[in-house]
Amino acid sequence: MNKISVVVPCFNEEEALPVYYREMCKIMKQMPEVEFELLFIDDGSSDRTLEILKGFHETDARCEYFSFSRNFGKEAAIYAGLQNAAGDYVATMDVDMQDPPGLLPEMYRLLTEEDYDSVATRRSTRAGEPKLRSFLSENFYKFINRISKTEIVNGARDYRLMKRKMVNAVLEMSEYNRFSKGIFEWVGFRTKWLEFQNIERSAGQTKWSVKKLFLYSLEGITGFSVAPLSLAAVVGVGFCLLAFFIILFVIVRKLIWGDPVSGWPSLVCIIFFVSGIQLFCTGIVGQYLSKTYLETKHRPIFILKDSSEDEEGK
Ligand code: UDP
Ligand code: MG
């Protein structure tokens, strides 16, 4: 019998939890051919979340809970869940019903009957979301995809179902500053994308303010691109070029009209040239720093999907 582990991060979700559990019970009944385990991660909630989770665990052996000592963030909660998941298939899902549990049977079918390693979801619309938030999100995706080699899919949710080998790959990415949307792409594997319309939260409030989202977007940019570190080098070269043209201009002007303000032309050239060199050198330091930065993440050098040794081991 195949087992599906469902990882559910919860932060102050006392209102959303019962609704979610009821819905999941329906889905689990629809899929009698699979064994389920629901891993709830209480991310340092200050409301009755933990109490409710303990209740679930007492009445239903499929429910497990893990409670953090404080709020570590959704990324940490997902990592903890993946680490503790025992299933052959693992799903990550929000508790607020914005990731419809009803999609699970179809996701499972795609993985078992077709040759996919993971089924991911994205919102095709942002209806119901504040305008400013949508605008910022759209531009964030445009920007990061321009400067990062890892594709970050616009509207991608953290809702997905993965095979065990992909989960193991994600766990190998043990970096502290986590950005799941990038990590899931980075590890590769064959992914099927399902689309759905934006759904409003079932209960409670979003835990993400615009400020928190902005900081999270910086996490994505710095985690999956070292382009900002090259910025100094590019600007430095620009300054040097500019200095070169100014020098030409100043020399020509001096030859034609003489030098009315003595010393000014040479001073301007020196300022431009020296600051260009300085920025350029900062850029070089940036290049080495970016290499060191990538090394310290200890990301795997490659990830195997299949091998003849795997077959023999079966
Ligand atoms: N969440 C969490 N830790 C946090 C913030 C959020 O575990 O610090 C969980 C939250 O309980 C929910 C999911 O992450 O299950 C998504 O949060 P939310 O619905 O507030 O985000 P949104 O859907 O508005 O982006
Ligand atoms: Mg939500």
Side-chain angles (χ1 to χ4, degrees), residues 5-24 38-53 56 63-85 90-104 120-138 140-141 152-161 176-184 196-220:
S5 308
V6 185
V7 172
V8 196
C10 310
F11 177 49
N12 293 341
E13 298 284 8
E14 58 180 5
E15 288 165 76
L17 266 171
V19 188
Y20 175 79
Y21 178 65
R22 231 175 295 137
E23 186 62 24
M24 273 313 288
L38 303 184
L39 307 176
F40 294 96
I41 320 324
D42 164 31
D43 183 12
S45 302
S46 52
D47 64 356
R48 290 182 48 251
T49 298
L50 182 59
E51 213 175 297
I52 295 173
L53 292 179
F56 287 169
C63 296
E64 304 283 350
Y65 65 85
F66 303 85
S67 185
F68 286 175
S69 57
R70 64 166 170 86
N71 181 248
F72 280 90
K74 182 182 176 186
E75 291 288 349
I78 290 180
Y79 191 71
L82 293 181
Q83 227 173 26
N84 286 286
V90 182
T92 48
M93 198 190 295
D94 287 1
V95 73
D96 57 5
M97 307 288 280
Q98 284 188 305
D99 296 337
L103 281 179
L104 258 190
T121 58
R122 65 178 291 263
R123 304 188 281 185
S124 50
T125 59
R126 291 181 178 274
E129 204 186 57
K131 286 267 180 319
L132 174 71
R133 217 169 141 142
S134 300
F135 173 81
L136 291 176
S137 301
E138 293 287 340
F140 162 70
Y141 285 109
I152 314 288
V153 177
N154 186 354
R157 306 229 16 123
D158 291 333
Y159 181 25
R160 56 166 80 214
L161 183 65
Y176 177 77
N177 294 295
R178 301 185 72 76
F179 184 70
S180 278
K181 291 183 201 342
I183 290 174
F184 287 140
F196 61 84
Q197 305 270 317
N198 189 31
I199 303 163
E200 305 239 348
R201 221 171 200 287
S202 62
Q205 291 271 316
T206 174
K207 309 294 177 297
W208 296 85
S209 58
V210 169
K211 182 180 157 210
K212 219 168 152 187
L213 275 178
F214 178 72
L215 293 176
Y216 186 58
S217 70
L218 288 186
E219 199 79 74

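In listed order, ligands and their atoms are each counted from 1. Values in this document were obtained by computation on a predicted structure and should not be read as measured data.
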Task: Structural part of Asp94 in contact with ligand 1, heavy atom criterion under 4.0 angstrom - done: both

Task: Nearest atoms (heavy-atom pairs only) where Ala156 meets Lys181 - done: O-NZ, 3.2 Å

- [ ] Select one of side chain, backbone, both or neither to describe which atoms of Asp96 lie under 4.0 Å from any atom of ligand 1, heavy atoms only.
- [x] side chain

TODO: May I ask you to check if any N/O/S atom from Thr206 comes under 2.8 Å of the Mg ion (ligand 2)?
DONE: no

Open item on the list: If you consider just the N/O/S atoms, which atom of Asp96 is the closest one to the Mg ion (ligand 2)?
Closed with: OD2

Task: Structural part of Cys10 in contact with ligand 1, heavy atom criterion under 4.0 angstrom - done: backbone

Task: Minimal non-hydrogen separation, Ile41 against Ala77, with atom names - done: CG1-O, 3.3 Å

Task: Separation of Leu218 CG from Asn177 CG (nearest 0.5 Å) - done: 11.5 Å

TODO: Consider every N or O of Val95 and every N or O of ligand 1, then say whether any pair is closer than 3.5 Å.
DONE: yes

- [ ] Please could you name the atoms of ligand 1 that Gly73 approaches to less than 4.0 Å, counting only its heavy atoms?
- [x] 3 (N), 8 (O)

Task: Asn71, portion touching ligand 1 at heavy-atom distance under 4.0 Å - done: side chain

Open item on the list: With a 3.5 Å distance limit and no angle check, can you tell me whether Tyr159 reaches the backbone of Asp94 through a side-chain donor-acceptor pair?
Closed with: no

TODO: Within a distance under 4.0 Å of any heavy atom of Glu13, pick out the atoms of ligand 1 and give their elements.
DONE: 10 (C), 11 (O), 12 (C), 15 (O)

TODO: Go through ligand 1 atom by atom and flag the ones less than 4.0 Å from a non-hydrogen atom of Asp43.
DONE: 2 (C), 3 (N), 4 (C), 7 (O), 8 (O)

- [ ] Please say which of Arg122, Arg160, Arg157, Arg123 ends up in a salt bridge (charged side-chain N to carboxylate O under 4.0 Å, His left out) with Asp99.
- [x] Arg157

- [ ] Using a 4.0 Å heavy-atom cut-off, say whether Gln98 meets ligand 1 through its side chain, its backbone, both or neither.
- [x] side chain

Open item on the list: Distance check below 2.8 Å: does Asp94 bring an N, O or S atom to the Mg ion (ligand 2)?
Closed with: no

Open item on the list: Does the structure place the NZ or CZ of Arg133 under 6.0 Å from the centre of the six-membered ring of Phe135, at an angle of no more than 45° from the ring's axis?
Closed with: no

- [ ] Show your reasoning for whether side chain to side chain donor-acceptor pair (under 3.5 Å) applies to Glu75 and Tyr216.
- [x] CA-CA 10 Å; Glu75 291 288 349; Tyr216 186 58; 2.4 Å; yes

TODO: Return yes when Lys212 approaches ligand 1 closer than 4.0 angstrom through a heavy atom, no otherwise.
DONE: yes

